[in-house]
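Atoms considered below: every heavy atom in the structure, side chains included; atoms not considered: hydrogens, waters and symmetry mates. Computed from a predicted structure; not experimentally measured.
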Amino acid sequence: MNKVFLVTAPDDVTYDAKKIICVDLDEPQREIVSQTLQRFDTVPTTVLYVWNNNESQEEWLLDKKQKCDLILFNANSENKALVGYFAAHDNAYYIGELGTLSYVTNRVIHDTDQCHQLIKEKVYKV
C-alpha cells in the first residue's frame, strides 16, 4: 500500500513506515515537500510529521524527531534555539537561510529536485 500519513501534534501513529518530520516549514517550503512526494510513482508507507512553532508541543516534536529517518527544518524559523539544535543533527536538512550556522552544515535544500533526490537516497534508499 502506498500511502503518506500526515500527523500533527499531539497525535501519533504506530505504522511500520518511513518517517519524515517537517519542522516549522512556511508555505513555500511545505510546497517543496508536497511536490516532492507527488513526484514518486510509488512509495513505501510514509509518515509525515508536521510541527509548527508551538512551544506547548515541543516535547512532541523532540519525541517524533527520534523516530524519523529525515528531518526537514525551516532555517528561517523564529525559534533560533531549535534551528541550532536541528542544524547539529546528521539526518537534518534545512530550507531557507541558516546564516552563520551555514559554516557548520551545508545540508541545504534549494528546490524540489534537491528534495526529491534527498528523500530518494536517505529515506526510500533507491
Side-chain angles (χ1 to χ4, degrees):
M1 192 179 302
N2 297 320
K3 290 187 178 183
V4 176
F5 296 94
L6 182 68
V7 180
T8 58
D11 296 329
D12 199 359
V13 293
T14 58
Y15 299 122
D16 181 20
K18 300 295 183 179
K19 295 182 174 115
I20 301 169
I21 191 163
C22 297
V23 181
D24 204 23
L25 299 185
D26 62 25
E27 184 57 38
Q29 294 168 344
R30 286 191 299 268
E31 190 62 28
I32 288 173
V33 175
S34 176
Q35 288 178 6
T36 296
L37 292 173
Q38 290 176 33
R39 287 177 61 178
F40 289 99
D41 291 331
T42 60
V43 296
T45 301
T46 303
V47 174
L48 187 66
Y49 291 112
V50 177
W51 182 85
N52 292 314
N53 198 359
N54 183 339
E55 291 180 11
S56 68
Q57 305 288 340
E58 285 181 354
E59 186 176 320
W60 179 90
L61 168 66
L62 298 176
D63 176 63
K64 301 312 166 244
K65 179 236 9 148
Q66 297 292 339
K67 299 176 179 183
C68 288
D69 301 291
L70 181 65
I71 301 165
L72 303 174
F73 71 96
N74 180 357
N76 302 325
S77 174
E78 293 178 16
N79 192 329
K80 296 305 178 194
L82 280 178
V83 169
Y85 174 75
F86 285 114
H89 286 73
D90 290 337
N91 65 334
Y93 292 78
Y94 66 93
I95 305 172
E97 298 297 324
L98 199 53
T100 56
L101 286 176
S102 64
Y103 295 113
V104 178
T105 178
N106 64 351
R107 294 183 304 268
V108 62
I109 299 169
H110 293 289
D111 56 32
T112 304
D113 289 336
Q114 277 186 311
C115 192
H116 183 266
Q117 190 63 31
L118 175 68
I119 291 174
K120 188 166 88 171
E121 291 175 5
K122 301 288 184 181
V123 180
Y124 299 145
K125 304 194 188 310
V126 286

How are the rings of His89 and Tyr85 set relative to one another: parallel (under 30°), tilted (30 to 60°) or perpendicular (over 60°)? perpendicular

So Lys65 and Ile71, side chain to side chain contact (heavy atoms under 4.5 Å, CB included) or not? Walk me through it. CA-CA 7 Å; Lys65 179 236 9 148; Ile71 301 165; 3.4 Å; yes

Report the C-alpha distance between Gln66 and Leu62 in whole Å, list the side-chain angles of each, state the deciding distance to 0.1 Å, and finish with yes or no for side chain to side chain contact (heavy atoms under 4.5 Å, CB included). CA-CA 7 Å; Gln66 297 292 339; Leu62 298 176; over 6 Å; no

Please enumerate all residues that pass ring pair (Phe, Tyr, Trp, His ring centres under 6.0 Å) together with Phe40, with sequence neighbours excluded. His116, Tyr124

Starting at NZ of Lys122, measure out to CZ of Arg107 and round the result to the nearest 0.5 Å. 9.0 Å

Under 3.5 Å side-chain donor-acceptor pair for Asn54 and Ser56: yes

Residues Arg39, Asp113; criterion salt bridge (Lys or Arg N to Asp or Glu O under 4.0 Å); working and verdict: CA-CA 10 Å; Arg39 287 177 61 178; Asp113 289 336; 2.7 Å; yes

Looking only at heavy atoms, what is the nearest atom pair of Asn52 and Leu25, with distance? OD1-O, 4.0 Å

If you take all heavy atoms of Gln114 and Ile109, which pair is closest and at what distance? OE1-C, 3.5 Å

Can you name the closest pair of heavy atoms from Ala17 and Thr45 and give their distance? CB-O, 3.2 Å

Tell me the closest heavy-atom pair linking Pro44 and Lys18, and the distance in Å. CG-CG, 3.9 Å

Take Asp26 and Arg30 through the salt bridge (Lys or Arg N to Asp or Glu O under 4.0 Å) test and state the conclusion after the steps. CA-CA 6 Å; Asp26 62 25; Arg30 286 191 299 268; over 6 Å; no

Euclidean distance, Tyr93 OH relative to Leu118 CG, rounded to 0.5 Å: 5.5 Å

Should Tyr49 and Asp12 be marked as a side-chain hydrogen bond (donor to acceptor under 3.5 Å, both in side chains) after you check the CA-CA gap, both sets of side-chain angles, and the distance that decides it? CA-CA 8 Å; Tyr49 291 112; Asp12 199 359; 2.5 Å; yes

Side-chain touch Ile20/Val123, heavy atoms, less than 4.5 angstrom: yes

Min side-chain heavy-atom separation Leu37-Leu48 under 4.5 Å: yes

Non-hydrogen atoms of Ala75 and Gly96 that approach each other most closely: CB-C, 3.9 Å

To check you understand the geometry: which heavy-atom pair defines the closest contact between Ile95 and Gln29, and what is its length? O-NE2, 3.0 Å

Any side-chain heavy-atom pair of Phe86 and Ile21 under 4.5 Å: no

Using 0.5 Å steps for rounding, measure from the CD1 atom of Ile119 to the CG atom of Asp69. 11.0 Å

Residue pair Asp24 / Phe73, side-chain heavy-atom distance below 4.5 Å: no

Spatial distance of atom CD (Glu31) from atom CD (Gln35) [nearest 0.5 Å]: 4.5 Å

Residues Asn79 and Glu58: side-chain donor-acceptor under 3.5 angstrom: yes

How about CD on Glu59, more than 12 heavy atoms from neighbouring residues, nucleotides or ligands closer than 6.0 Å, or not? no

Roughly how far, to the nearest 0.5 Å, is the NE2 atom of His110 from the OH atom of Tyr94? 7.0 Å

Go through Leu82 and Leu61 one step at a time and tell me if the side chain to side chain contact (heavy atoms under 4.5 Å, CB included) criterion holds. CA-CA 10 Å; Leu82 280 178; Leu61 168 66; 3.7 Å; yes

Decide side chain to side chain contact (heavy atoms under 4.5 Å, CB included) for Leu98 and Thr105; before the verdict, give the C-alpha distance in whole Å, the side-chain angles of both, and the deciding distance to 0.1 Å. CA-CA 9 Å; Leu98 199 53; Thr105 178; 3.4 Å; yes

One should read off an interatomic distance between Lys64 NZ and Trp51 CH2, to the nearest 0.5 angstrom, of 14.0 Å

Just so I know, are the side chains of Ser77 and Val23 near enough to count as touching, which here means a heavy-atom distance under 4.5 Å? no

Taking the side chain as every heavy atom from C-beta outward, state whether Leu72 and Leu70 have any pair of such atoms under 4.5 Å apart. yes

